[in-house]
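All chains are named by letter (A, B, ...) in the order of the sequence lines, taking the proteins before the strands, and each is independently numbered beginning at 1.
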Amino acid sequence: MDYVPNTLQDQQQMMKAIGIEALEALFVDIPEKYRLKKLLEIPPPMSEQEIWEHMTRIAARNVTPRSTLLGAGVYHHYIPAVVHHIIARSEFYTAYTPYQAEISQGILQAIYEYQTMITRLTGTQVANASMYDGATAMAEAAVLSAKTLGKNRLLLARSIHPEYRAVVKTYAWANGYDCVEIPCAASGQIDSGALKDQLDDRTAAVLVQSPNFFGIVEDVKPLADLAHGRGALLVAGFTDATSLGILKPAGEAGADFVVGEGQSFGNPMNYGGPYLGILASTDAFLRKIPGRLAGATVDREGCRGYVLTLQTREQHIRREKATSNICSNEALCMLAAAVYLASLGKNLKKLATLNVWKANYFRAKLAALPGWKPLFPGPVYNEFALACPDVKSANSRLESAGYTGGYDLSREYPELGGGILLCATEMLRKEDMDNIAALLK
Amino acid sequence: MDYVPNTLQDQQQMMKAIGIEALEALFVDIPEKYRLKKLLEIPPPMSEQEIWEHMTRIAARNVTPRSTLLGAGVYHHYIPAVVHHIIARSEFYTAYTPYQAEISQGILQAIYEYQTMITRLTGTQVANASMYDGATAMAEAAVLSAKTLGKNRLLLARSIHPEYRAVVKTYAWANGYDCVEIPCAASGQIDSGALKDQLDDRTAAVLVQSPNFFGIVEDVKPLADLAHGRGALLVAGFTDATSLGILKPAGEAGADFVVGEGQSFGNPMNYGGPYLGILASTDAFLRKIPGRLAGATVDREGCRGYVLTLQTREQHIRREKATSNICSNEALCMLAAAVYLASLGKNLKKLATLNVWKANYFRAKLAALPGWKPLFPGPVYNEFALACPDVKSANSRLESAGYTGGYDLSREYPELGGGILLCATEMLRKEDMDNIAALLK
Amino acid sequence: MELLFENSRPGRKAGTIPASDVPEVALDKVIDTSLLRTDLNLPELSEVDIVRHYTRLSQRNFGVDMGFYPLGSCTMKYNPKINENVAGLQGFTSLHPYVPEAAAQGNLQLLHELAGFLSEICGMADFTLQPAAGAHGELTGVMVIKKHFEKKREKRTTILIPDTAHGTNPASVALCGFQVATLRSNTEGGVDLAHLRELMTPDVAGLMLTNPNTLGLFERNIDEVASIVHGKGGLLYCDGANANALIGVTRPGDLGFDIIQLNLHKTFSTPHGCGGPGSGPVGVKSHLVPFLPVPRVVKEGERFRWSDKFPDSIGRIRSFYGNFNVMVKAYTYIRSIGAEGLRRVSENAVLNANYIKERLRPYYQLAYDRVCMHECVFSGEKQVQESGVHTTDIAKRLLDYGFHPPTIYFPLIVREAIMIEPTETESKETLDEFCAAMISIAKEAKENPDLVKSAPLTTPVKRMDDVLAARKPDVCWTLC
Amino acid sequence: MELLFENSRPGRKAGTIPASDVPEVALDKVIDTSLLRTDLNLPELSEVDIVRHYTRLSQRNFGVDMGFYPLGSCTMKYNPKINENVAGLQGFTSLHPYVPEAAAQGNLQLLHELAGFLSEICGMADFTLQPAAGAHGELTGVMVIKKHFEKKREKRTTILIPDTAHGTNPASVALCGFQVATLRSNTEGGVDLAHLRELMTPDVAGLMLTNPNTLGLFERNIDEVASIVHGKGGLLYCDGANANALIGVTRPGDLGFDIIQLNLHKTFSTPHGCGGPGSGPVGVKSHLVPFLPVPRVVKEGERFRWSDKFPDSIGRIRSFYGNFNVMVKAYTYIRSIGAEGLRRVSENAVLNANYIKERLRPYYQLAYDRVCMHECVFSGEKQVQESGVHTTDIAKRLLDYGFHPPTIYFPLIVREAIMIEPTETESKETLDEFCAAMISIAKEAKENPDLVKSAPLTTPVKRMDDVLAARKPDVCWTLC
Ligand SMILES: Cc1ncc(COP(=O)(O)O)c(C=O)c1O
Ligand SMILES: Cc1ncc(COP(=O)(O)O)c(C=O)c1O
């Protein structure tokens with residue numbers, strides 16, 4: 001099976017019009033020796049029925065857990081039915097970037113509305129139409145900070161998601177910036193003393209995440225003040241985006257960039273992607289931030305409409321002087337987030353609160369087990385780190401009961417051996433938590 | 001959760017405009033004693049997340065077989081992906097009957113195209129926009145025949161699907177018609193001798209099905225001639241609609257009505273419905289057939305368009321003199337069938353042929369088992385009846401291996417004790433057939 | 001727009017059929033050529049052709065998701081998306097109706113509970129879910145009436161139908177071999193009791209009443225109506241297509257009805273699908289339960305199974321068990337909104353209808369000046385008199401304002417009828433926008449009647465020629 | 001159209017949050033109030049409001065399913081529906097990226113095989129699937145170049161980019177801390193070899209070449225280009241966004257390229273989703289494999305697992321494993337069409353482009369008169385001269401004919417560029433209709449230039465004021 005409508009007869013007529021005898025003649029510019037003489041070594045075609053059966057078998061080789069206890073940057077939330085019904089409309093998913101505004105008002109207005117909701121959630125003045133994911137959003141904010149200030153030092157809270165730190169370091173390496181990690185205090189929050197010591201005039205930005213990787217809510221305000229005090233910028237990340245429903249917006253607390261992963265807003269876990277990089281900032285960076293921006297304007301008859309705007313920031317206009325290289329983004333994931341936020345509305349606060357309740361119940365329940373105790377006393381959202389007798393055996397017991405295990409902190413934090421990170425969203429039933437506590441006893 | 005957008009404030013404003021104090025005042029016409037004082041005894045509401053989890057659990061109480069060996073009027077065929085993508089467009093599924101042609105050209109043209117494809121498949125001149133299912137299509141054709149001819153006797157081949165016969169008998173009883181069953185010959189086809197004997201001047205119609213319930217292809221032509229010879233009409237049904245891809249159209253063979261179940265055309269088995277009643281006929285019945293009809297016409301500017309036409313046949317115009325009481329039909333199932341037929345196109349012949357090959361292989365394979373043999377020698381499409389040592393034990397062996405069993409013919413045909421009806425569509429793999437033959441040995 | 005057939009090209013394909021894994025045999029070796037077709041004239045298209053064709057067709061179609069659809073008597077309420085997702089669960093869609101009951105316990109439980117919910121909602125003893133639509137339910141109900149009298153060895157030949165009734169009522173009665181006698185409405189739009197007494201003779205099997213009726217009015221004299229009919233041994237049938245006005249507020253069973261059909265695709269939010277599928281369950285009082293169609297789900301302990309051991313049953317009226325997948329949506333809906341939600345449905349459906357009635361009464365002639373239930377009926381007569389603008393013109397003009405028109409020219413007893421059913425899922429803003437449009441059309445009718453008569457102006461096609469369609473019927477494409 | 005915020009009403013809701021099954025505690029008991037937000041200004045809407053809002057927005061959006069979308073350089077081919085269904089399988093969508101490898105063998109196998117297919121298609125040793133889009137892949141590829149020279153302790157500061165290159169190329173190079181030197185094109189639209197020799201100094205890390213380039217032309221002198229670059233120890237990078245011209249026909253690896261990024265959302269039919277998600281896998285020759293990002297899937301016997309034991313890796317460039325669900329669609333596509341299908345893709349993509357080129361050359365000025373590959377580039381200069389009609393005007397006028405316009409004003413070296421990429425999934429009829437429209441616009445430009453300049457006339461909004469948008473930026477709603 002393939003998707004080529006041309007029949008042999010069509011091809012002949014077209015070759016005639018072009019004035020060639022054989023399709024081969026279309027490839028004269030390719031040196032003869034490089035033209036493939038045989039078919040590629042790719043399996044033969046399949047009918048739709050066969051590919052469907054084949055792919056169903058592959059999917060069935062994965063094990064779908066009865067409940068997910070993993071958070072660690074990706075969160076299992078309920079997705080209202082409307083979300084998929086909207087993003088499955090082919091007017092949206094088969095279109096590309098809205099270069100032609102007059103036939104793209106649908107997505108342009110949706111972007112404008114999304115930008116608005118994100119600025120409100122983050123306490124900022126501008127949000128772009130998406131980055132690749134939370135990690136690249138953070139990395140680009142860091143690079144942009146350094147380029148803007150002409151400084152080359154980045155201070156990263158060690159409590160930032162390990163993979164985010166890794167991505168930031170890769171981008172920093174490519175640009176010759178130094179990265180310094182700031183440890184976390186006993187509370188689980190960033191060690192502001194250590195931060196103060198490390199801040200210097202070469203420091204472009206301080207990067208934190210709240211809730212951080214351990215689920216602990218950071219106090220962003222003093223950190224922003226510290227950074228600004230040494231002429232550095234504050235990049236504030238977050239883990240689970242639903243936490244924005246109750247936490248003080250980092251923008252209000254003084255962050256210059258608010259970045260993070262928007263997967264929680266209506267996007268399935270999808271084994272890691274596609275996700276949604278959220279990047280928001282202050283008016284000061286309106287003309288500097290990377291990515292697409294939709295702006296309101298009017299048409300020739302004065303009717304309100306929307307266009308992609310401030311494109312002189314972008315690669316297709318400024319080339320090597322662009323503020324980023326991003327072109328394709330995660331528009332459809334952004335649309336899912338917009339629909340998700342529209343359908344939750346003020347209920348997002350209720351949902352976030354429910355997450356807090358679930359996590360606190362679960363944490364207390366497990367902390368009561370012999371040998372189990374919280375790693376950090378700090379306030380948590382829906383994720384928490386515990387010290388336990390044996391992470392591996394705990395996880396294998398969970399897995400054999402059909403749950404996922406927790407995240408083994410020793411993977412990335414040798415200093416936290418015996419630490420396990422667990423998450424409880426609205427999807428985890430009390431019944432399961434009690435059940436789990438029982439089987440971990 | 002409910003779907004009422006009115007807020008309390010909205011309600012107050014509206015009550016004000018109406019001039020009432022309380023909602024109760026809207027129900028003054030209902031005698032006080034009949035107004036419910038308490039809530040109905042229905043379980044409390046659920047959030048969307050909860051209902052989703054609840055319904056998933058209910059669905060999980062069903063057992064989905066690895067392969068279906070059942071046909072018997074409902075067939076497991078592959079449904080091309082495009083079908084659902086189209087019928088899931090809310091412009092289609094949230095609309096009602098296209099009374100307002102100017103904003104319903106989409107479905108009206110789709111109906112017109114469907115009608116066209118059905119007439120071509122059945123060899124007729126007119127097809128309606130759908131009946132409830134194959135059985136009611138047959139019953140209405142029978143009643144219409146009797147009313148048209150002013151006769152009150154119906155001859156039904158006993159090889160017609162038992163449930164179709166049951167429905168025809170119910171409709172006949174309601175109208176005071178007699179039903180006589182015509183047995184089938186050794187071949188599995190209708191016993192035309194017996195038919196000849198039963199045909200009389202009171203006979204309104206002869207009803208047959210090809211392929212019949214046993215999967216046997218009938219020779220419609222001579223039956224039509226017989227019926228017409230006594231001034232009766234021939235109603236020709238079919239079981240699996242995909243058989244129309246290779247079988248001689250009953251319309252060409254002289255049938256006055258071609259009726260049957262269109263489920264095979266792009267509609268899932270859905271535990272019995274919704275399905276698609278196909279009803280097609282000759283020009284002679286253009287102004288008599290039940291159901292919606294789309295017709296081509298022009299608008300005020302002369303542009304081609306479509307409307308519901310010949311409505312004087314219908315209940316909303318003719319009331320008790322209408323040719324049927326049908327109003328809502330199975331339009332969305334019809335749309336699925338139209339998309340299905342459009343995507344198979346001439347491949348429908350290939351598909352039907354593949355079904356024949358599978359069935360013949362499977363039949364031969366099983367007939368080779370000790371104690372197993374075909375019940376009838378007649379030609380089969382994708383279904384066949386076998387005599388076997390013990391239907392119950394055969395089925396339980398199949399079921400414990402994850403297959404469905406076959407249809408136990410003794411359920412409806414005591415005379416065929418030990419008979420089992422099995423089906424092999426393109427969905428049944430050779431591997432499974434061999435496997436099954438092995439485990440039935 | 002081009003037809004599929006006009007876009008067809010020889011040799012073009014959407015997809016392929018799997019290669020055979022079993023021996024291929026020449027068809028005529030297994031089926032005699034005389035039984036085989038010679039050619040197959042179906043269109044040849046690529047997948048992209050098909051997708052664009054139907055996507056473009058969809059763009060020329062208006063559904064509830066596009067906007068307000070106050071089509072009276074059809075209850076075009078919003079269809080919740082979660083219901084579609086639930087109904088798409090493989091456990092529901094992939095089951096063959098003949099799998100053993102042990103493999104279908106989820107489905108059987110759902111059907112059994114749904115029948116229970118509907119019985120509680122209507123005050124009936126039991127329900128059959130077999131009928132595929134409202135009219136099919138009517139037919140079933142009338143058959144139950146027939147069976148009832150057959151059992152009692154009473155020969156009753158006639159059923160009474162009010163002049164306001166929907167066309168399916170007399171048609172269903174006729175399809176069941178009964179005579180129809182038409183019952184007049186009184187000046188307030190209800191049953192003319194005197195006429196009922198006069199018509200209710202011993203050969204009358206019963207009365208088929210729609211309550212609230214198609215004027216959107218509740219039968220105030222329901223007690224008298226019931227006692228007259230029952231007094232003469234007749235049965236009282238309720239066409240429950242208008243149940244959206246009553247659920248949680250009152251129960252037809254309590255009102256004296258013996259039989260009712262519900263339209264799940266109306267009251268219980270299942271989508272109308274351009275005309276179907278629907279579902280028309282029928283509920284009856286206990287003395288009529290034995291007559292319901294077979295098979296029926298019976299519960300034994302915690303297990304459910306099918307039974308056709310009901311010797312007095314009218315038999316089957318459809319293959320298998322009815323439109324199962326539609327029932328899944330209705331069940332999901334009932335469980336989602338619960339008892340509170342059901343009551344809110346009717347309260348707000350009736351509130352919305354009365355609000356529209358009050359907003360529009362200064363501009364259009366109200367058919368009956370009473371509190372209405374879930375819908376209100378106006379007459380376009382005023383506009384006809386004033387400016388020769390007919391109800392059709394008003395309806396077509398509404399298309400230019402982006403609304404689906406109300407039901408028109410029904411009920412038949414109201415001249416130039418305009419029947420508006422907003423449903424409970426529409427917000428006050430939407431009702432206000434609609435009323436504003438209706439009011440401005442009333443003004444246009446006065447000031448610029450030709451504009452209204454030339455409507456619609458903004459639709460993909462202009463006003464269609466129905467007469468031509470009926471005079472020169474063209475119901476299938478024969479050119480290519 | 002109204003904004004979500006304008007439709008918001010206090011107290012309105014779409015759905016509810018489940019009641020808590022665990023003890024409820026006051027938030028400020030667990031999180032200090034100073035860390036909590038005071039208000040949450042999100043819109044309040046009912047489900048029907050939301051569905052209608054976005055459905056109406058969708059009606060103001062044009063995608064491939066609506067019609068021809070010859071947006072040059074973007075390969076807007078038809079997106080097969082089966083791919084969407086496969087990608088929606090719960091086994092793929094519901095997995096957390098940190099589940100144990102044993103629970104994700106299906107995914108790992110798919111990723112491993114996909115990397116293998118892409119390697120075979122491109123003639124590369126291995127692929128990373130981590131990059132989220134083409135530009136991200138470019139960045140990854142350039143980082144690999146950086147790492148390569150870091151390992152060799154060579155300090156190379158500059159990368160060569162042809163003047164025809166896509167903007168992401170120089171931008172990616174800059175984001176990786178390299179200088180950009182712009183390489184001139186010669187008179188036939190290829191690399192100016194003399195200029196290349198001149199620029200290719202020891203501090204040049206390599207050349208980033210798009211082949212076929214953005215003029216739709218294949219680099220005839222690819223041998224010389226490769227030997228010049230390699231001769232100076234540089235690396236040859238291929239921007240594979242235009243691979244739709246080559247798959248099954250030739251292999252970039254064989255042509256001498258060391259690195260390539262592919263755009264799965266172009267060549268491999270995954271939908272563009274209004275701008276994303278995409279996927280930009282990067283393939284390299286064996287000597288560069290150690291530098292690819294981690295983690296990478298490794299196969300051990302019949303099992304697959306993740307490994308980050310690659311000490312020379314550039315590290316991570318995205319969280320987790322990239323846009324997995326997009327890869328599922330690309331994998332499905334490759335397996336569906338197979339080796340034959342892949343070759344047919346390029347043959348027909350190139351055939352279609354050349355057909356359009358020949359049909360339109362009498363009416364529009366061809367940028368370079370050569371056999372083109374998957375796209376052809378015209379200049380609107382002729383129209384500007386004759387009647388002051390610019391390429392924008394022609395593009396906007398195409399909207400009135402129901403087509404999505406080609407890419408315009410790119411590549412930059414062609415004045416008033418019109419870049420047309422039909423793809424292989426369009427039929428000859430569609431191409432003919434498009435050409436007819438272009439030809440009639442050329443005529444209109446001559447005879448009625450103002451008509452063309454005033455286009456579009458049939459779209460929901462008329463020509464938008466970009467200047468105002470940039471002068472008075474309004475990027476979020478602040479009124480309510
Ligand atoms: C009052 C009334 N009764 C009966 C019916 C028939 O229902 P259905 O169309 O489901 O057969 C309708 C449908 O329009 C109706 O409005
Ligand atoms: C030639 C070329 N290179 C690179 C890119 C960048 O790809 P992406 O948009 O996926 O980042 C594009 C996309 O338009 C392109 O056309």
Which atom pairs, one a donor and one an acceptor, fall under 3.5 Å between side chains of residues 57-65 of chain D and the rest of the protein, sequence neighbours left out?
from	atom 1	to	atom 2	distance (Å)
Ser58(D)	OG	Arg89(A)	NE	2.9
Ser58(D)	OG	Arg89(A)	NH2	3.2
Ser58(D)	OG	Thr55(D)	O	2.5
Asn61(D)	OD1	Gly106(A)	N	3.4
Asn61(D)	OD1	Ile107(A)	N	3.0
Asn61(D)	ND2	Glu91(A)	O	3.1
Asp65(D)	OD2	Ser90(A)	OG	3.4
Asp65(D)	OD2	Lys81(D)	NZ	2.5

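- Gln11(A) and Lys428(D) are not linked by any side-chain donor-acceptor pair at a separation below 3.5 angstrom, with hydrogens and angles left out of the test.
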From CA spacing to verdict: side chain to side chain contact (heavy atoms under 4.5 Å, CB included), Arg318(D), Tyr275(A): CA-CA 11 Å; Arg318(D) 187 195 177 280; Tyr275(A) 289 165; 3.9 Å; yes
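- In this structure, Leu121(A) and Arg37(D) have side chains that are in contact, with non-hydrogen atoms separated by less than 4.5 Å.
- Side-chain N/O atoms of Tyr34(A) and Asp223(D) include a donor and acceptor closer than 3.5 Å.
- Classification of the Tyr112(A)-Trp477(D) ring pair by plane angle, with boundaries at 30° and 60°, yields perpendicular.
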Side chain to side chain contact (heavy atoms under 4.5 Å, CB included) assessment of Gln105(A) paired with Thr459(D): CA-CA 10 Å; Gln105(A) 286 300 297; Thr459(D) 46; over 6 Å; no
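- A donor-acceptor pair under 3.5 Å is absent between the side-chain atoms of Asp29(A) and the main chain of Glu219(D), judged by distance alone.
- Remark: side-chain polar atoms of Thr297(A) are paired, donor with acceptor, to backbone N or O of Asp465(D) under 3.5 angstrom.
- Formation of a donor-acceptor pair under 3.5 Å by the Lys358(A) side chain with backbone atoms of Val22(D) is not found in this model.
- Glu320(A) has its side chain out of reach of Val173(D): every pair of non-hydrogen atoms, C-beta onward, lies at least 4.5 Å apart.
- Residue contact with chain A, scored on non-hydrogen atoms closer than 4.5 Å, involves the backbone and the side chain of Asp21(D) alike.
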Verdict with supporting geometry, Phe410(D) and His316(A), ring-ring contact (aromatic ring centres under 6.0 Å, His included): CA-CA 9 Å; Phe410(D) 177 73; His316(A) 60 289; 9.2 Å; no
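- A 4.5 Å side-chain heavy-atom check between Val475(D) and Gln125(A) finds every atom pair outside the cut-off.
- When all heavy atoms of Ala322(A) and Ala171(D) are compared, the pair lying nearest together is CB-CB, 4.4 Å.
- Judged purely by atom type and a 3.5 angstrom limit, Asp133(A) uses its side chain to pair as donor or acceptor with the backbone of Ser319(D).
- A distance-only check finds a donor-acceptor pair linking the side chain of Glu120(D) to the backbone of Glu41(A) [under 3.5 Å].
- Between Gln109(A) and Arg56(D) there is no side-chain heavy-atom pair separated by less than 4.5 Å.
- With contacts defined as side-chain heavy-atom distances shorter than 4.5 Å, the pair His166(D)/Gln315(A) qualifies.
- Residues that satisfy the ring-ring contact (aromatic ring centres under 6.0 Å, His included) test with Tyr271(A), not counting sequence neighbours, are Tyr321(D), Phe324(D).
- Looking at heavy atoms from C-beta onward, Phe117(D) lies out of side-chain contact with Leu40(A) at the 4.5 angstrom threshold.
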From CA spacing to verdict: side chain to side chain contact (heavy atoms under 4.5 Å, CB included), Glu102(A), Lys462(D): CA-CA 6 Å; Glu102(A) 296 80 2; Lys462(D) 303 294 165 283; over 6 Å; no
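- Thr170(A) has its side chain within reach of Met143(D): a pair of non-hydrogen atoms, C-beta onward, lies under 4.5 Å apart.
- No side-chain donor-acceptor contact under 3.5 Å links Gln100(A) to the backbone of Pro405(D).
- No donor-acceptor pair under 3.5 Å is formed between the side chain of Asp10(A) and the backbone N or O of Ser427(D).
- No donor-acceptor distance shorter than 3.5 angstrom exists from the side chain of Asn41(D) to the backbone of Arg120(A), with no hydrogens or angles considered.
- Pairing each heavy atom of Pro5(A) with each of Glu424(D), the nearest pair is CD-O, 3.3 Å.
- Lys248(A) contributes a side-chain N or O that, together with a main-chain N or O of Ser34(D), makes up a donor-acceptor pair within less than 3.5 Å.
- In this structure, the side chain of Trp52(A) does not engage the main chain of Val86(D) through any donor-acceptor pair within 3.5 Å.
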From CA spacing to verdict: side chain to side chain contact (heavy atoms under 4.5 Å, CB included), His85(A), Tyr54(D): CA-CA 10 Å; His85(A) 282 264; Tyr54(D) 285 103; over 6 Å; no
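- Ring-plane geometry between His272(D) and Tyr96(A) is classed as perpendicular, the angle between the planes exceeding 60 degrees on a 0 to 90 degree scale with a lower cut at 30.
- Contact annotation: the side chain of Glu347(D) never approaches that of Val4(A) to less than 4.5 Å [non-hydrogen atoms, C-beta and beyond].
- Put simply, OH on Tyr306(A) and CG on Leu3(D) are 3.5 Å apart, with the number rounded to the nearest 0.5 Å.
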